[in-house]
Colleague: 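After the structure tokens below, expect a handful of questions from me.
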There are 4 protein chains.
Amino acid sequence: MTDTRPGTGTPAESKGNWGRWGPEDERGALNLIEPAGVRAAAHEITTGRSYSLALPIARGNQPAFDFRGSPQRLTLVSQTDAMYDGYEGGEDVGSNEDVLIIPSHNLTHMDALCHVQAKGRFYNGFPADTFRSHTGAGRCGIDKLGAFATRAVLLDLPRHFDTPHLEAGYKITAADLTACAERQGVEVRSGDALLVRTGYLDEYKATEAAGREPSFAQPGLSLDAVEYVRAHDICAVGADNSAIECIPFDDRFLSVHIALLVESGVPLLEHLWLTDLAAAMAEAETYSCLLCVSPLPVTGATGSPINPVAIV
Amino acid sequence: MTDTRPGTGTPAESKGNWGRWGPEDERGALNLIEPAGVRAAAHEITTGRSYSLALPIARGNQPAFDFRGSPQRLTLVSQTDAMYDGYEGGEDVGSNEDVLIIPSHNLTHMDALCHVQAKGRFYNGFPADTFRSHTGAGRCGIDKLGAFATRAVLLDLPRHFDTPHLEAGYKITAADLTACAERQGVEVRSGDALLVRTGYLDEYKATEAAGREPSFAQPGLSLDAVEYVRAHDICAVGADNSAIECIPFDDRFLSVHIALLVESGVPLLEHLWLTDLAAAMAEAETYSCLLCVSPLPVTGATGSPINPVAIV
Amino acid sequence: MTDTRPGTGTPAESKGNWGRWGPEDERGALNLIEPAGVRAAAHEITTGRSYSLALPIARGNQPAFDFRGSPQRLTLVSQTDAMYDGYEGGEDVGSNEDVLIIPSHNLTHMDALCHVQAKGRFYNGFPADTFRSHTGAGRCGIDKLGAFATRAVLLDLPRHFDTPHLEAGYKITAADLTACAERQGVEVRSGDALLVRTGYLDEYKATEAAGREPSFAQPGLSLDAVEYVRAHDICAVGADNSAIECIPFDDRFLSVHIALLVESGVPLLEHLWLTDLAAAMAEAETYSCLLCVSPLPVTGATGSPINPVAIV
Amino acid sequence: MTDTRPGTGTPAESKGNWGRWGPEDERGALNLIEPAGVRAAAHEITTGRSYSLALPIARGNQPAFDFRGSPQRLTLVSQTDAMYDGYEGGEDVGSNEDVLIIPSHNLTHMDALCHVQAKGRFYNGFPADTFRSHTGAGRCGIDKLGAFATRAVLLDLPRHFDTPHLEAGYKITAADLTACAERQGVEVRSGDALLVRTGYLDEYKATEAAGREPSFAQPGLSLDAVEYVRAHDICAVGADNSAIECIPFDDRFLSVHIALLVESGVPLLEHLWLTDLAAAMAEAETYSCLLCVSPLPVTGATGSPINPVAIV
């Protein structure tokens, strides 16, 4: 008998990884992470140096849409408040605190599996209307993914192609990824995160610094590259561009988001700063690392700012 | 000749670690982290399992002061907006996004070294009035600390004392920490983070669940325990209580904050959820781990929500 | 032929004022205000004194639901920023600014006609799904109502019944309103706003001040009183309680909101502070005034904080 | 004996209106409003028509500084939440609510007397450091001014000079105001609000609509015009520009703000939309009206968005 409940991934509607980890699964490809693989990655660490992959949280560090508003740090309390004056011994002591107002999808961030829906469905077939205004994501929220550590492989395409950055709109193919990994001498394993460097943010910053308007067209993954991600059982994909995928989109609107987030349950890490890590890896002659990704566990959220740490 | 500039740590005003890493240092005890120690910690990982140390971001998960306001996830855009309807092929695609409003010092968070000042000075002697309303911390902001990975040792005091939780107000001493570490058979090394479990959050949750008002008095570090932190060159201290230190305070107002943050430059990790990690460590018969801490790099902020990952 | 478009107020679905001002109308009963009536009210002003009907924007001034969050004033810039130091002559000058975070339906506020829907419809039959997450109210937003001035009549029921405040849950009837107006010697005219004093907020404040938990049950309008509002062609109803209507609700869930907002297009003014105005009116021996109501014209908003001014 | 407390307006430091209404006064020139004058203005109303002087709250409606952030309406709850489903009879009922995030000094707003300080002093000599990060204005906050109604006179300078708008940087003089009032046949009385139309916002909108970058230089009051305001005992000044005063500033940095807010205690109403009112007044052949201004009574705030109503 066929189970026709939403989210059951029945044969008729099954796509990518729908149903692969059961009809109630909301973690998607993060299920591919095996402790043994994490341990192995940790044991392969050679330098012990850590690299932060986040851009500073400030205006103009990354391409941003106006509708999201800018991140704001507002002062909640400062030493001007002499807050502890009423307490014995508190006269000489003060504290400073902030309130942060942060759109979840600008900056360096992670997409939850509910971030995008296609034909009314999220990953694993959950109906898109499980997302509500006040309570947020009833299914596939960022809180269902959680923080994770895993082995990650960086593919440095500008270095591979000997160019400062890929061209705007360049569609990265599976063959590009395969050739780059081979040239770098790095093995891609099941459960790995894949970090793709395109050089886009370097170009963005240089263009901004020169007072010119950066292009929104971007190099990124094509649908063909999605097959590479699926074939290697990648647990998460990150890149130094805005949407992982190439813009203009490959074939159809948000096609790579749909293929990765919705169909395959692969979380995306966007606006990663990979330049320093790439340089360190080139020097250390290794292109794998232990990667820690710590989204804030906001109940029902569709994404979170992150500050991933790569240990080489 | 004596340098009398603020921040130079002249002999007369020198305290704890002021001047130890130079007059301009804003990273404090995080300077103690050595790549070799991180590599060693990574190589000692036995299970490869990861544990998130953050509480869910929601009301009532932790003791909170009203003046900070509650964290809010507000919907920025949802599938009701049919946002891509105007784009070719966008009719069947939708996205969900949030705006997060988060006080930096409720929840599971990390204190920046500018969070507390004493007698008008931050860590390393920087004047407290380098903190401004709009631009935030000119010195010792969370962005100066950055994300880090290091070896961490968990000291599980309730287990050591065979009690569900330490009593409210209990002052943890250096002798307690020494005895607990010895009993657990764990070595504390220079550059380690120290995670102290008091059982307070377990008690807090149980009290709330029972419909009773949780006590704000808390077990925590005494000034005596601060000496332990300094003697072992600990890089950061975390605990499952609100302020690391015991409440009522030991000796004087915010004394442990002043001794650790201001005098020693030791960042604090507060409201950590350590119960699951402690159970896993007991089972794995190891009390050290590789710890990743990823504060959001908000320019000038006094702290950040965090979701630390411990790999055992 | 019957027009079956949403919002056309066809005979079959017509209720209250649906269709009365045309199928596209979004102003509802505010259409009842006639310039001649406003002029007459202005000419009847006797003292020239103004009374603000808003509670201070602060916690605990009014009954509030936790889910809305508290209003916050956060400092955007202050003199600590020495903001103009870079400008010639700006060294001795400074400015202070805030960011306000305000839920639209706590505090003293005005409900837009899109605030409540019944059976999927707003006032005038507009479908409730014209409200979107990002863009807000496509129909009947607060921006469609706008600011207004009109004659207003205050009915001071506690004074009428010689009691400090009506009892919790008391259902105010049309007969109560008629008798009170007659006793006060005030005429209610078409286009007037009706201000109903119940004494609830006085009791709320006294209860809070005494350290007791205020009741959420409240005196307020019954469905019977709605007929009074309709019969007199009242343009807006305000009261010193949380929801205009009595709680527990009369007959069915939110019945008075549905009857006034949805069916009649009558905007509601909630948490008005009427005590000072009532005292002044008693002294001036007049129970009518010129009322100015100034909701913020936020595109697509469902309500707005207001600070109405009554000129006696 | 000379009182040397801050705020006492001793002869040596006395300026403009300091001390005029006593050493503790925080209402400034609003003290000039007399009920008899308000009543007279009300009785002079001829048409009974109301005009809102606020711009819609949205991006790009007025010149704005990036540092303030854009106003945001975020959805707190919508019918997707089916919020009342758990209540008997609540299944067919829904509500929509927002959270507003609003910088107090963009948009159409009113400056509190603490908005600007000069040489460390606010109006009446209060020290600028009475403003604190968390609690805001200890002196001269917007809550001390409150909502008010008064007679207002509009001086329509573009009409007077027969030009669509005054030139950028034009310094409006006392003689300009006198000549315009005389030509318009309007009397300016003690306690009146003065509304000055420059045409700047019309030009701003037209420039934006044409896809060109609007100039930040603006026509506005000169220091000479300040004397006019003082000589006529004006209670508040509003204009259709960003800062009342001309930009570039007259003589010195923020000179008119200092002269009006700090020295004279005159609140300012900025980014008023005066074009519709001016047209209506020209048609009604009257240039005075009854003006209601309703700042939100946010404790300690430095300003507030407003939606003033002018009744002609």
Side-chain angles (χ1 to χ4, degrees), chain A residues 35-36 38-39 42-43 45 47-50 52 54 56-58 73 75-76 78-79 84 87 89-90 92-105 114-119 128 131 133 136 143 146-149 252-254 292 294 296-302 305 307 309 311, chain B residues 35-36 38-39 42-43 45 47-50 52 54 56-58 73 75-76 78-79 84 87 89-90 92-105 114-119 128 131 133 136 143 146-149 252-254 292 294 296-302 305 307 309 311:
Chain A
V38 177
R39 186 182 54 206
H43 291 191
I45 284 172
T47 73
R49 292 189 189 282
S50 297
S52 158
I57 298 190
R73 185 212 63 81
T75 297
L76 178 66
S78 79
Q79 78 275 5
Y84 304 132
Y87 298 91
D92 285 339
V93 185
S95 69
N96 298 296
E97 302 195 8
D98 333 272
V99 169
L100 309 176
I101 304 179
I102 300 183
S104 58
H105 289 268
C114 67
H115 171 47
V116 164
Q117 56 96 346
K119 296 187 181 168
F131 184 90
S133 289
D143 48 323
F148 63 95
R252 62 196 178 98
F253 198 80
L254 274 179
C292 272
S294 293
L296 300 178
V298 183
T299 307
T302 66
N307 187 358
V309 176
I311 314 173
Chain B
V38 178
R39 184 181 55 206
H43 291 191
I45 284 172
T47 72
R49 293 191 188 281
S50 298
S52 159
I57 297 189
R73 184 212 63 79
T75 297
L76 178 66
S78 78
Q79 77 275 4
Y84 305 130
Y87 298 90
D92 284 339
V93 185
S95 69
N96 298 295
E97 302 195 9
D98 333 272
V99 169
L100 309 177
I101 304 180
I102 300 184
S104 57
H105 289 268
C114 68
H115 171 48
V116 165
Q117 56 96 346
K119 296 187 181 167
F131 184 91
S133 289
D143 49 322
F148 63 95
R252 63 195 177 96
F253 197 80
L254 275 179
C292 273
S294 293
L296 301 177
V298 183
T299 307
T302 67
N307 188 358
V309 176
I311 314 173

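Note that these values count all heavy atoms, side chains included, but never hydrogens, waters or copies made by symmetry. We name chains A, B, ... by the order of the sequence lines, and we start the count at 1 in each one.
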Colleague: Let me confirm one number: the NZ-CG distance from A:K119 to B:D92, rounded to the nearest 0.5 Å.
Modeller: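 So the NZ of A:K119 and the CG of B:D92 are separated by 6.0 Å.
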Colleague: A:G94, A:G300, A:S50: which one forms the most heavy-atom pairs within less than 4.5 Å of chain B?
Modeller: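 Between A:G94, A:G300, A:S50, the count favours A:G94.
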Colleague: Tell me, do B:I102 and A:L296 make a side-chain contact under 4.5 Å, heavy atoms counted?
Modeller: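 With C-beta onward as the side chain, the pair touches.
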Colleague: List the atom of B:R73, the atom of A:F131, and the distance in Å for their closest heavy-atom pair.
Modeller: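 Residues B:R73 and A:F131, closest heavy atoms: NH1-CZ, 3.9 Å.
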Colleague: Whether the side chain of B:E97 engages the backbone of A:H105 through a donor-acceptor N/O pair (distance < 3.5 Å, no angle test) should be reported.
Modeller: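 Not a single qualifying donor-acceptor pair exists.
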Colleague: Do side-chain atoms of B:S294 reach the backbone of A:N307 as a donor and acceptor pair under 3.5 angstrom?
Modeller: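 At least one qualifying donor-acceptor pair exists.
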Colleague: Is chain B contacted by the side chain of A:R49, its backbone, both, or neither, given a heavy-atom distance below 4.5 Å?
Modeller: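 Its backbone and side chain both get close to chain B.
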Colleague: Top residue by heavy-atom pair count (under 4.5 Å) with chain B, among A:G48, A:A36, A:G90?
Modeller: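 Looking at each of A:G48, A:A36, A:G90 in turn, A:G48 comes out on top.
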Colleague: Any side-chain heavy-atom pair from B:I101 and A:V99 closer than 4.5 angstrom?
Modeller: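 Yes, side chains in contact.
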Colleague: For each of B:A58, B:S78, B:G136, tally heavy-atom pairs with chain A at distances under 4.5 Å, and name the one with the top tally.
Modeller: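 Greatest number of close heavy-atom pairs with chain A: B:G136.
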Colleague: Checking side-chain contact (heavy atoms from CB on, under 4.5 Å) for the pair B:D98/A:V298: CA distance, chi angles, key distance, verdict?
Modeller: CA-CA 10 Å; B:D98 333 272; A:V298 183; over 6 Å; no
Colleague: Run the side-chain contact (heavy atoms from CB on, under 4.5 Å) check on A:I311 and B:C292 step by step: do they pass?
Modeller: CA-CA 10 Å; A:I311 314 173; B:C292 273; 4.1 Å; yes
Colleague: In terms of heavy-atom proximity below 4.5 Å to chain A, should B:T47 be classed as side chain, backbone, both, or neither?
Modeller: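 Contact with chain A is through the backbone of B:T47 alone.
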Colleague: Select, from A:V38, A:D143, A:V93, the one with the greatest count of heavy-atom pairs under 4.5 Å involving chain B.
Modeller: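 Result: the option with the highest number of such pairs is A:V93.
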Colleague: Heavy-atom pairs under 4.5 Å with chain B - which of A:G89, A:S52, A:A54 has more of them than the others?
Modeller: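 Of A:G89, A:S52, A:A54, A:G89 has the most heavy-atom pairs under 4.5 Å with chain B.
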Colleague: Any idea which heavy atoms bring B:I45 and A:A42 closest together, and the distance?
Modeller: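 Result for this residue pair: CD1-CB, 3.5 Å.
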Colleague: How long is the span from the CG atom in A:L100 to the OG1 atom in B:T302, to the nearest 0.5 Å?
Modeller: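 That separation rounds to 8.0 Å.
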Colleague: To the nearest 0.5 Å, what is the distance between CG on B:N96 and CD on A:Q117?
Modeller: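 The CD atom of A:Q117 is 7.0 Å from CG of B:N96, to the nearest 0.5 Å.
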Colleague: Taking all heavy atoms of B:A149 and all of A:V309, pick out the closest pair and write down the distance.
Modeller: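 Looking at all heavy atoms of both residues, the shortest contact is CB-CG1, 4.4 Å.
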